[in-house]
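Below, chains carry the letters A, B, ... as their sequence lines are ordered, and counting in each starts from 1. Keep in mind the model is a prediction, meaning the values are calculated, not measured.
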Amino acid sequence: NAGVTQTPKFRVLKTGQSMTLLCAQDMNHEYMYWYRQDPGMGLRLIHYSVGEGTTAKGEVPDGYNVSRLKKQNFLLGLESAAPSQTSVYFCASSYIGTAGELFFGEGSRLTVL
Amino acid sequence: KQEVTQIPAALSVPEGENLVLNCSFTDSAIYNLQWFRQDPGKGLTSLLLIQSSQREQTSGRLNASLDKSSGRSTLYIAASQPGDSATYLCAVPYNNNDMRFGAGTRLTVKP
């Protein structure tokens with residue numbers, strides 16, 4: 001009964017380093033999302049995907065890239081990390097997009113020094 | 001632009017009390033509204049999804065109502081328990097593939 005799984009759960013990076021966050025869902029959902037949650041800013045959409053092989057920009061896409069090579073996986077990449085990217089990142093998935101229920105992962109806490 | 005506001009930001013009640021959390025949104029052209037629960041250091045868990053054609057949804061001790069015309073939703077929690085302590089967020093669809101989330105109400109239920 002895994003649902004949405006994110007790895008890693010915690011990571012500390014130095015400015016300029018790169019990393020990838022992995023999101024995996026076992027519910028056969030078409031739609032997948034990456035959000036960041038910051039104090040005072042709430043949840044903001046970074047990128048999303050409406051199906052395997054598709055990606056699109058959300059509200060705050062700069063500094064991030066994504067890929068959806070397999071339906072069950074959605075990867076979020078930081079090519080050159082900046083302190084402003086220190087945040088908690090959440091992956092979510094849905095069967096019918098925002099018309100239906102959203103299922104979230106446990107989050108990945110990233111600190112950029 | 002859709003804005004979602006939740007009042008109060010924090011609420012502390014004794015165990016057993018019935019309580020109401022409020023959510024308001026500026027654009028009433030929504031097709032649903034979701035209530036989520038977030039425990040410290042955890043992800044969001046969907047509690048209730050109300051379609052625009054519905055006025056209420058119930059799950060156990062939780063009841064959510066939706067009044068599109070006034071841009072408001074309420075989450076009613078009956079007979080609160082310490083295990084209900086968490087942050088509760090509401091969210092509405094925005095721009096086809098995005099959601100607008102409220103900042104949440106942090107609820108503490110004291111034994």
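- Side-chain heavy atoms closer than 4.5 Å link hydrophobic residues (I, L, V, M, F, W, Y) into clusters, and following such links, even through other members, never connects B/Leu62 to B/Phe36.
- Judged purely by distance below 3.5 Å, without hydrogens or angles, the side chains of B/Asn63 and B/Thr58 pair a donor atom with an acceptor atom.
- Of the atoms belonging to B/Tyr94, not a single heavy atom falls under 4.5 Å from chain A.
- With a 4.5 angstrom heavy-atom cutoff, A/Gln37 touches chain B only via side-chain atoms.
- The six-membered or imidazole ring of A/His47 lies away from that of A/Tyr64, with a centre-to-centre distance of 6.0 Å or more.
- Using a 4.5 Å cut-off between heavy atoms, A/Val50 touches chain B through its side chain atoms alone.
- Residues A/Leu102 and B/Gln34 are in side-chain contact: their nearest non-hydrogen atoms beyond the backbone lie under 4.5 Å apart.
- A distance-only check finds a donor-acceptor pair linking the side chain of A/Ser49 to the backbone of A/Gly51 [under 3.5 Å].
- A/Tyr33 has its ring centre no less than 6.0 Å from the ring centre of A/Phe74.
- Of the two parts of B/Asn32, only the side chain, counted from C-beta on, holds a non-hydrogen atom closer than 4.5 Å to a non-hydrogen atom of chain A.
- Contacts of B/Leu48 with chain A are absent, with no heavy-atom separation under 4.5 Å from either backbone or side chain.
- For A/Tyr31, the part sitting under 4.5 Å from any heavy atom of chain B is the side chain, from C-beta outward, and nothing else.
- The parts of B/Leu44 that come within reach of chain A are both its backbone and its side chain, each placing non-hydrogen atoms under 4.5 angstrom from that chain.
- By number of non-hydrogen pairs under 4.5 angstrom with chain A, the leading residue of B/Asp39, B/Asp98, B/Thr45 is B/Asp98.
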